[in-house]
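Let me begin by presenting the structure, written as structure tokens, before commenting on it.
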Amino acid sequence: MNKTERLHHMLRFINQKQHFTLPDLMQEFQISKRTALRDIASLEEMGAPIYAEYGRYGGYRLLQQMQLPPISFNTDELHALYFAMQALRSFSDLPFQTTFASVHAKFMAALSDRQQENIFNMQQRVTFKHTEQIKNSSHLELLLKAAVQQLVIRITYPDKNATHDQSEAVSKTKTSIRVIQPIALNASKGYWYCQAYDLEKKAYRVFRCDRIISAVLTDMEPVNHLAEIHSEHLQSLWKPSEQAISFQCKISDLGMAISTKSLPIHAP
């Protein structure tokens with residue numbers, strides 16, 4: 001990156017750290033000690049209130065947080081952000097109070113005419129095919145809130161033996177009440193899934209979000225150790241039920257490609 005861009009990133013870096021050293025800047029931005037010193041001088045000329053501390057544990061300190069300028073993106077970064085946004089297009093429901101149309105409209109409105117033209121030209125040359133969301137999921141926002149804030153919720157969910165794929169009225173479907181602590185949300189094959197801990201069964205479970213009929217917060221105490229679980233560790237938590245039948249099968253490369261595309265992930 002050029003010096004102007006580096007100084008912009010450096011200003012945000014030191015504004016977040018408050019206290020920093022020359023080695024911090026050298027490592028973060030892959031620059032020499034001389035360049036780091038020159039950059040600090042440039043930041044001071046820009047008005048950054050940087051104070052030098054001497055001694056064994058010295059370094060630099062930002063006397064007060066600065067009001068940072070708006071984030072600016074170069075052309076390649078704008079293209080990357082735009083096409084990253086396209087993943088939202090395939091979901092009719094999101095775990096946030098927004099829609100793809102709203103995000104897209106604000107993004108495009110912030111671009112110059114030339115940038116909008118570049119985006120339009122890119123659209124004619126690059127496309128991304130995403131699996132469309134198959135069924136609506138009404139409770140994603142609450143599930144995400146519970147996962148992030150470590151909250152326990154009570155959900156109404158079809159019994160395991162109930163028929164899920166028939167056009168049967170929900171009122172005729174046999175249901176049960178489950179008390180869960182959501183851990184993470186996952187979107188796959190056109191469905192949203194909630195990985196959670198079932199407090200009554202004392203076991204980890206996966207729930208398909210579109211099958212959740214109702215969901216409400218409770219005032220129950222959360223399970224504390226769940227806060228330490230991160231999404232990359234979740235797969236190791238699931239254990240087969242007592243009714244599960246272990247089996248092995250051989251599959252060709254073609255069969256692997258087909259199954260990866262079409263096999264659903266089964267929820268309880």
Side-chain angles (χ1 to χ4, degrees), residues 80 82-104 126-148 153 155-170 173-176 178 180-198 203-215 229-241 243-268:
Y82 180 81
F83 285 104
M85 267 194 328
Q86 301 309 300
L88 301 180
R89 185 192 290 273
S90 58
F91 290 97
S92 56
D93 298 308
L94 295 171
F96 327 105
Q97 289 184 337
T98 189
T99 61
F100 169 79
S102 173
V103 174
H104 181 268
V126 182
T127 59
F128 291 96
K129 183 175 178 59
H130 299 283
T131 303
E132 297 291 327
Q133 183 174 330
I134 297 172
K135 292 189 176 182
N136 291 337
S137 300
S138 305
H139 307 288
L140 294 178
E141 188 180 345
L142 178 60
L143 293 170
L144 179 62
K145 176 182 178 181
V148 171
I153 65 175
I155 65 172
T156 304
Y157 198 73
D159 279 349
K160 185 180 296 186
N161 296 325
T163 302
H164 302 299
D165 296 324
Q166 303 298 324
S167 56
E168 188 177 352
V170 171
T173 303
K174 188 176 179 182
T175 62
S176 61
R178 312 284 283 269
I180 65 170
Q181 184 173 333
I183 301 173
L185 293 182
N186 171 45
S188 178
K189 306 291 191 298
Y191 292 100
W192 281 99
Y193 297 88
C194 177
Q195 295 166 304
Y197 183 76
D198 190 316
Y204 297 97
R205 293 289 186 265
V206 180
F207 298 92
R208 218 176 77 183
C209 297
D210 62 281
R211 292 178 181 166
I212 296 176
I213 299 168
S214 67
I229 299 176
H230 301 291
S231 56
E232 61 267 24
H233 305 139
L234 287 173
Q235 196 61 38
S236 63
L237 300 175
W238 317 123
K239 297 179 181 178
S241 66
Q243 293 79 28
I245 300 175
S246 298
F247 70 94
Q248 293 182 340
C249 66
K250 291 183 177 180
I251 187 168
S252 66
D253 290 341
L254 176 59
M256 178 66 75
I258 295 173
S259 64
T260 301
K261 277 200 224 172
S262 58
L263 284 181
I265 298 175
H266 294 287

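By convention here, the first residue in the shown sequence is residue 1. Predicted model only: the values in this text are computed from it and were never measured.
Annotation: the span from K145 atom NZ to I153 atom CD1 amounts to 11.0 Å, rounded to 0.5 Å. Once rounded to the nearest 0.5 Å, the distance linking CD1 of I213 with OH of Y157 reads 9.5 Å. Atom SG of C194 sits about 4.5 Å away from atom CD1 of I180, to the nearest 0.5 Å. Rounding to the nearest 0.5 Å places OH of Y197 at 9.5 Å from CD1 of I183.
V103 is listed as a side-chain neighbour of M85, based on a closest heavy-atom distance under 4.5 Å. Taking the side chain as every heavy atom from C-beta outward, F207 and L143 never approach each other to under 4.5 Å. Residues K135 and W192 are not in side-chain contact: their nearest non-hydrogen atoms beyond the backbone lie 4.5 Å or more apart.
Listed by chain and number, the residues in a side-chain hydrogen bond (donor to acceptor under 3.5 Å, both in side chains) with S138 amount to none (sequence neighbours excluded). The side chain to side chain contact (heavy atoms under 4.5 Å, CB included) check on A147 picks up P182, with sequence neighbours excluded. With sequence neighbours excluded, the residues that form a side chain to side chain contact (heavy atoms under 4.5 Å, CB included) with S176 are D159, R178.
Minimum heavy-atom separation, D210 to S137: N-OG, 3.4 Å. Between I212 and A215, the shortest heavy-atom distance links the atoms CG2-CB, 4.3 Å.
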